[in-house]
Number of protein chains: 2
Amino acid sequence: MTPQRQLVVDAVRELGHATPEQICTRVQQTAPAVNITTIYRTLELLERIGLVRHTHLGHGAPTYSEEDHQHVHLVCHHCGRVAEAPTDLMDALAHRLQEESGFTLDATHVALSGRCADCAEDGEPADDTGDAAAGPDHHTDRHTEGSAR
Amino acid sequence: MTPQRQLVVDAVRELGHATPEQICTRVQQTAPAVNITTIYRTLELLERIGLVRHTHLGHGAPTYSEEDHQHVHLVCHHCGRVAEAPTDLMDALAHRLQEESGFTLDATHVALSGRCADCAEDGEPADDTGDAAAGPDHHTDRHTEGSAR
DNA sequence: ATCGATGCAAAGTTTTTGCAATGCT
DNA sequence: AGCATTGCAAAAACTTTGCATCGAT
């Protein structure tokens, strides 16, 4: 309804899966005055009305994406990249869970982690100390994850 | 090696999957002087040497468990309870991911979310605003530290 | 004496809350 | 005016870091 909210929706849509801070940065490119608080509150609202959903990529930071942008996230321990896979990959699993445990799976809410094809080629073991490190092309310049301290 | 570390290992083992703070609380039942800092440092160490591993349950707080305690976590949106399922549930999925995307799945690192059998019975829609809310029986009394009343 | 482990306090991050100001009806 | 939304600042929750002390080799 408000311009800020529209900007948040747009940002979520454009970024695909982004943390609140990334969304904030994006929104501020258009409207620098927008506060991070508003991002959080808007995201919460948008989620409640079902426009966006959030997913946990393994790291602490949740990422937001469009509600209808349904896919499974695959995050690589090694390079931190996030790939996407169709949710029907999970169908069989969802079925088994339902049968065996009565558990109804929400396939889109979490990310699966592992190692992507690119990183599998490298023989190097992941420094699995932390989670997915900052991506190679994503400049997720948060806390510059130093592997060896 | 040190008594504190042993206590941390024990706590992780007993609690199954616990946040650093829960572990801290547990350890402090035996050794009240132990500081939360030590918990974090010890956990980091134990993880590096492969004694424990951490898993993201969807909420921000990572939980730690024994390395060999391999299972998939199923966390319920509704009640926040964490169930466990054998990892071989994921085998078929892992295989497909490998084939189709070259992605090597690490089944134990993340939790699957959804709604557990108990909560499925209640017709109530989950207040899916946040993640798993504080459980009904889990009194997630985290911040119980230093305040030795 | 040396070196690592620990406790304490302070700093850093990320997210939430309180409150006053703003804008729309 | 009434009401929701926003921005700012402070608080809270969570984690890491610096530094002095303690213990064992």
Side-chain angles (χ1 to χ4, degrees), chain A residues 1-9 11 18-25 27-28 30-49 51-52 54-64 129-134 140-149, chain B residues 1-9 11 18-25 27-28 30-49 51-52 54-64 80 127 129-134 139-148:
Chain A
M1 320 167 169
T2 71
Q4 286 92 332
R5 291 182 178 174
Q6 190 56 52
L7 285 173
V8 172
V9 174
T19 63
E21 284 189 49
Q22 291 171 325
I23 293 166
C24 187
T25 301
V27 167
Q28 286 176 343
T30 306
V34 175
N35 195 281
I36 181 87
T37 306
T38 301
I39 305 294
Y40 278 106
R41 283 194 283 229
T42 302
L43 249 14
E44 187 186 330
L45 170 75
L46 293 177
E47 191 159 33
R48 193 154 42 221
I49 64 176
L51 267 180
V52 306
H54 77 269
T55 305
H56 295 280
L57 252 32
H59 187 109
T63 63
Y64 289 77
T129 322
D131 269 63
T140 31
D141 40 349
R142 280 102 154 272
H143 49 286
T144 328
E145 187 83 68
S147 41
R149 38 201 57 207
Chain B
M1 320 161 174
T2 72
Q4 286 92 333
R5 291 183 178 174
Q6 189 56 53
L7 285 173
V8 171
V9 174
T19 62
E21 287 190 45
Q22 290 171 325
I23 293 167
C24 186
T25 301
V27 168
Q28 287 177 342
T30 307
V34 174
N35 195 280
I36 181 92
T37 306
T38 302
I39 305 295
Y40 279 106
R41 283 194 283 227
T42 303
L43 249 14
E44 187 186 331
L45 170 74
L46 292 177
E47 192 160 33
R48 192 152 43 221
I49 64 177
L51 265 180
V52 306
H54 78 270
T55 305
H56 295 281
L57 252 33
H59 187 109
T63 63
Y64 288 77
D127 68 321
T129 323
D131 269 62
H139 289 273
T140 29
D141 41 350
R142 273 90 162 286
H143 52 286
T144 321
E145 33 168 341
S147 50

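The structure displayed is predicted, hence computed values, not measured ones. Lettering follows sequence order; numbering is per chain, from 1.
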May I have the distance from A/Met1 (atom CE) to C/dT22 (atom C1'), rounded to whole angstrom? 18 Å

Is the side chain of A/Gln4 donor-acceptor paired with the backbone N or O of A/Val34 at a distance under 3.5 Å, no angle test? no

Can you tell me how far CD of B/Gln28 sits from CG of B/Leu7, rounded to the nearest 0.5 angstrom? 11.0 Å

Mind calculating the distance between CD (B/Glu47) and C1' (D/dT15) to the nearest angstrom? 14 Å

If you measure from OG1 on A/Thr19 to CD1 on A/Ile39, what distance do you get to the nearest 0.5 Å? 10.5 Å

Distance test, side-chain N/O of A/Thr2 to OP1/OP2 of D/dT5, below 4.0 Å: no

I need the CZ-C1' distance between B/Arg5 and D/dG23, as an integer number of Å. 13 Å

From CD1 of B/Ile36 over to P of D/dT16, roughly how many Å is that when rounded to an integer? 10 Å

Which whole-number value in Å describes the distance from A/Gln22 CD to C/dT15 P? 11 Å

Separation between OH of B/Tyr40 and CD1 of B/Ile23, rounded to the nearest 0.5 Å: 9.5 Å

Would you mind reading off the distance between A/Gln4 atom CD and C/dA21 atom P, rounded to a whole angstrom? 19 Å

Regarding B/Pro62, tell me which of base, sugar-phosphate or nothing describes its non-hydrogen contacts under 4.0 Å with the strands shown. sugar-phosphate

What nucleotide, of D/dT16, D/dT6, C/dT6, holds the atom closest to the side chain of B/Tyr40? D/dT16

Rounded distance in Å - CZ (A/Arg48) to P (D/dT5): 10 Å

Can you find a heavy atom in the side chain of A/Val9 that is under 4.5 Å from one in the side chain of A/Gln6? yes

Just how far is it from atom OH of B/Tyr64 to atom CD of B/Glu44, taken to the nearest 0.5 Å? 8.0 Å

Show the distances under 3.5 angstrom between N or O atoms of the protein and N or O atoms of nucleotides 8-12 of chain C.
from	atom 1	to	atom 2	distance (Å)
C/dA9	N6	B/Thr37	OG1	3.3

Side chain proximity check, A/Arg5 to A/Leu45, heavy atoms < 4.5 angstrom: yes

d(CD, B/Glu21; C1', D/dA13) in whole Å: 8 Å

